[in-house]
Amino acid sequence: MMLRLTETRRAYLMNGPAMIVLFALVAYPIGYSFWVSLHRQNLKRPKATKFIGLDNYFALWNDPAFLSSLRTTGLFVLVVVTMTVLLATALALVLNESFPGRGVLRSLALLPWAMPGVVNGLMWRTIFDAKTGALNGLLTSLGLIDAYQAWLSSPAGAFFLTAFAQVWNTLPFAVILLLAGLSTIPPDLYDAAKVDRAGVFQRFRQITLPWLLHPLLIVLILETMNSFRAFDTIYVLTGGGPGDATSVIAVLNVKTALTYTDFGLGSAYAWVITLLTLVVSVGYVAALYRKGSFEL
Amino acid sequence: MTAVPLRYRVPWKRIVVYVVAAAFALYLVLPFYWIFAMSFMREVDAVSVPPEWIPSHPTLDNYLSFFRPDSAQVLVGGRAIKETPYALGNSLIVASATALLNLVLAVPAAYSFSRLKFRGGKGLLMLYLVTRMVPTIAILIPFYLMMRSLGLLDNYGSLILSYLTFSLPVTIWVLKDFFRAVPRELEDAARVDRCGWFRSMWSVFLPVAAPGLVAAAVFAFMTAWNEFMFALFMTSTEAAKTMPVVAANFATDMNTQFTLMAAAGVVAVLPPLVLVLIFQRLIVRGMAAGSVKG
């Protein structure tokens with residue numbers, strides 16, 4: 001009993017600094033953010049700050065910019081997560097085979113992960129450029145298009161190319177998680193299946209896929225959360241445009257706070273987003289935990 | 001035996017693997033190659049139609065001009081070109097400080113989870129995870145207001161503090177898993193040899209756990225290096241602007257030369273890229289362990 005007590009005390013002593021820092025830097029600001037969201041507060045008119053209760057939240061329901069950004073974000077998450085999962089599974093399966101050059105491909109697969117979102121946006125901007133871009137150059141020289149296109153000036157084009165750029169950036173993370181999952185499959189399962197003369201596809205369906213389900217679920221969770229808060233690439237690539245075609249929640253939120261300096265409304269946006277993300281992620285984690293596949 | 005039909009299946013599968021691997025290699029490398037090649041071109045060659053795939057007149061001018069811009073370049077590159085060297089220094093300092101502070105705060109916390117049984121431990125670990133799930137934008141505005149009232153805007157302090165919010169939870173989780181893999185017997189042996197707790201930690205435990213420390217530090221460094229939203233908000237001059245902020249200025253400034261922008265991009269990606277290539281194995285292990293474990 002004595003020992004237990006001192007151990008607990010020691011543990012909290014060791015966690016103390018981290019707890020204090022995270023409380024001061026995360027918990028307190030979130031509370032403060034809620035307080036700000038109850039005010040009419042704009043940096044441009046500091047004198048006009050006023051407590052208005054939940055009015056900012058009520059305003060959200062009729063705010064076309066907010067509602068359209070919710071839709072855009074939802075679609076963006078769907079497209080990015082689907083593309084990431086498909087591509088990452090394919091790449092992880094290839095990397096799990098042994099062939100000369102696998103090590104090189106493995107290193108290459110980490111390249112996009114090292115790239116800051118801003119540089120990613122900048123890179124794709126030069127590639128999609130209407131006058132000089134590599135995409136135009138490539139497609140023209142392959143004879144696929146006759147004239148250079150302004151890819152980013154149509155709403156649909158901008159949306160899908162932005163999603164494409166985002167996928168390139170987030171792919172490595174998914175690949176590594178899936179590869180880690182693949183490496184836990186006992187090789188004798190495949191040997192046994194080969195003895196039973198199961199074909200490639202049968203082996204994939206009956207061995208690989210069931211073992212991969214769990215890492216896939218984790219990839220799904222993390223990529224959903226990541227693409228939900230996607231910002232850097234979009235900001236540099238399209239700035240939310242054309243119109244509001246790529247104006248996802250994070251972009252709208254930063255614009256509201258930074259450009260219009262509307263801190264009250266911006267905080268209300270942020271709170272709604274926080275609640276949404278927390279509900280989704282806590283739900284995910286709880287589901288994993290109940291399945292017994294989540295380890296503390 | 002089964003060996004004969006198997007030998008016939010192999011080539012078909014090999015071909016698919018090679019083709020898909022080659023396609024992925026191109027997909028992964030070509031986009032980056034494009035700005036890399038562009039950064040060594042003269043502006044005339046970079047904007048030529050059809051595009052040049054290999055620099056025909058390779059030059060280092062774009063990189064050199066960050067350190068001594070000529071007047072014409074300052075005119076087209078705006079402020080960004082002059083700010084690049086400062087931004088590089090700022091990013092290095094802020095990211096290193098973030099990594100170091102992460103280790104200092106997370107090592108004891110992670111150690112407690114790997115070695116001590118204590119009431120509320122699981123809850124606390126969960127709480128750290130929830131902290132990580134809070135979206136950046138949620139704390140952006142209050143953070144800005146707090147830093148303004150502390151007089152920390154446009155200062156390393158505000159950046160380092162904000163980067164702790166999302167790197168510290170990850171560092172604790174990653175270290176916890178690495179620490180658990182260190183055999184307990186090592187510390188027991190040290191204790192038998194009458195080492196004090198601190199000494200056994202410092203000279204026995206931490207050296208063995210060093211790969212984990214390196215992985216966690218590299219993670220924290222990279223998250224801090226790549227971060228953009230906080231930096232955009234809280235920095236305004238070359239005193240604290242980081243590389244991503246300056247690189248974004250290049251991209252959003254209509255007058256910028258493509259080649260200068262490409263060079264800035266390469267400069268901004270180089271440090272994280274070098275770290276990834278050096279510490280590949282560790283990073284992969286840490287990423288797999290630091291995610292929710294399966």
Side-chain angles (χ1 to χ4, degrees), chain A residues 7-8 11 14-15 17-18 21-22 25-26 29-30 32-33 36 91 94 97 99 105 107-111 114-119 122-123 125-127 132 134 137 141 176-177 180 195 200 214-215 218 229 231-232 236 250 253 257-258 263 266-267 270 273-274 277-278 281 293-296, chain B residues 2 13 17 20-21 24-25 28-29 31-32 34-35 47 50-51 105-106 108-109 111-112 116-119 122 124-125 131 133-139 141-143 161 164-165 168 172 226 228-229 233 244 247-248 251 258 261 265 268-269 272-273 276-277 280 284 287-288 291-294:
Chain A
E7 222 171 67
T8 300
M14 297 175 100
N15 276 285
V21 165
L22 285 177
L25 298 178
V26 182
I30 286 184
Y32 187 23
S33 163
V36 174
L91 182 50
V94 166
E97 300 293 324
F99 58 93
L105 189 59
S107 315
L108 291 184
L110 282 174
L111 166 73
M115 190 164 285
V118 165
V119 180
L122 180 152
M123 179 180 89
R125 214 177 137 108
T126 65
I127 292 173
T132 62
S141 59
I176 284 162
L177 295 187
V195 172
V200 176
H214 188 257
I218 290 167
R229 50 175 90 138
F231 173 71
D232 315 17
V236 175
N253 204 69
L258 194 71
F263 279 19
S267 297
I273 297 161
T274 309
T277 342
L278 281 187
S281 40
S293 49
F294 180 75
E295 198 184 298
L296 281 177
Chain B
T2 52
K13 195 180 154 192
V17 167
V20 177
F24 267 115
L28 292 165
V29 167
F32 180 65
W34 168 253
I35 61 162
V47 298
L105 292 166
Y111 182 84
S112 77
L116 307 173
K117 268 203 175 323
F118 60 102
R119 196 176 295 212
K122 288 195 170 186
L124 186 59
L125 205 49
T131 325
M133 289 171 179
V134 171
T136 315
I137 33 177
I139 49 176
I141 290 173
F143 218 90
L161 289 179
L164 279 178
T165 60
L168 188 53
I172 293 174
N226 294 354
F228 176 54
M229 205 189 275
F233 247 68
F258 278 110
M261 180 166 105
V269 79
L273 193 61
V276 163
L277 291 180
Q280 224 187 101
V284 169
M287 273 167 91
S291 69
V292 189
K293 261 189 82 175

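Residue numbers start from 1 in every chain, and the chains themselves are labelled A, B, ... in the order their sequence lines are given, proteins ahead of strands.
Residue Phe231(A) touches chain B through its side chain alone, counting heavy-atom pairs closer than 4.5 Å. Only the side chain of Phe258(B) has a heavy atom closer than 4.5 Å to any heavy atom of chain A. Contacts between Pro17(A) and chain B at a heavy-atom distance below 4.5 Å involve backbone atoms as well as side-chain atoms. In this structure, the portions of Asp232(A) lying under 4.5 Å from any heavy atom of chain B include both its backbone and its side chain. In this structure, the portion of Ala180(A) lying under 4.5 Å from any heavy atom of chain B is its side chain and not its backbone.
In this structure, Leu164(B) CG and Leu22(A) CG are separated by 8.0 Å, a value rounded to the nearest 0.5 Å. With values rounded to the nearest 0.5 angstrom, Ile137(B) atom CD1 is found 9.0 Å from Arg229(A) atom CZ. One distance of note links OH of Tyr32(A) with CD1 of Ile141(B); it measures 11.0 Å at 0.5 Å rounding. Thr274(A) OG1 to Ile139(B) CD1: the interatomic distance, rounded to the nearest 0.5 Å, is 9.0 Å. Of the inter-residue distances, the one linking Phe32(B) atom CZ with Leu111(A) atom CG reads 6.0 Å to the nearest 0.5 angstrom. One finds the CE atom of Met115(A) at 7.5 Å from the CG atom of Leu273(B) (value rounded to the nearest 0.5 Å).
Between Leu122(A) and Gly265(B), the closest heavy-atom pair is CD2-CA, 4.3 Å. The minimum heavy-atom distance between Ala248(B) and Val236(A), with the atom names listed, is CB-CG2, 4.0 Å. Annotation for Thr8(A) and Lys117(B): closest pair OG1-O, 4.4 Å, computed over non-hydrogen atoms. Here the closest heavy-atom approach between residue Ser112(B) and residue Asn15(A) is recorded as OG-ND2, 2.8 Å. The minimum heavy-atom distance linking Leu105(B) with Ala18(A) is given by the pair O-CB, 4.0 Å. The minimum heavy-atom distance linking Asn226(B) with Ala114(A) is given by the pair ND2-O, 3.8 Å.
Contact count against chain B (heavy-atom pairs under 4.5 Å) is highest for Pro116(A) among Ser107(A), Gly117(A), Pro116(A), Ala270(A). Contact count against chain B (heavy-atom pairs under 4.5 Å) is highest for Leu91(A) among Ile176(A), Ile127(A), Leu91(A). Listed options Pro135(B), Pro50(B), Pro51(B) were ranked by heavy-atom pairs under 4.5 angstrom with chain A; first place goes to Pro135(B). With respect to chain A, the highest number of heavy-atom pairs below 4.5 Å among Ile172(B), Val20(B), Leu124(B) belongs to Leu124(B). Contact tally against chain A (heavy-atom pairs below 4.5 Å) for Ala268(B), Ala106(B), Ala21(B): the top residue is Ala21(B). Between chain B and the residues Leu110(A), Val21(A), Leu258(A), the largest count of heavy-atom pairs under 4.5 Å involves Leu258(A). Ranked by non-hydrogen atom pairs under 4.5 Å with chain B, the options Val36(A), Ile273(A), Thr126(A) are led by Thr126(A).
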Q | Worked verdict on Val269(B) versus Met123(A) for side-chain contact (heavy atoms from CB on, under 4.5 Å) | A | CA-CA 11 Å; Val269(B) 79; Met123(A) 179 180 89; over 6 Å; no
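A distance-only check finds no donor-acceptor pair linking the side chain of Glu7(A) to the backbone of Phe118(B) [under 3.5 Å].
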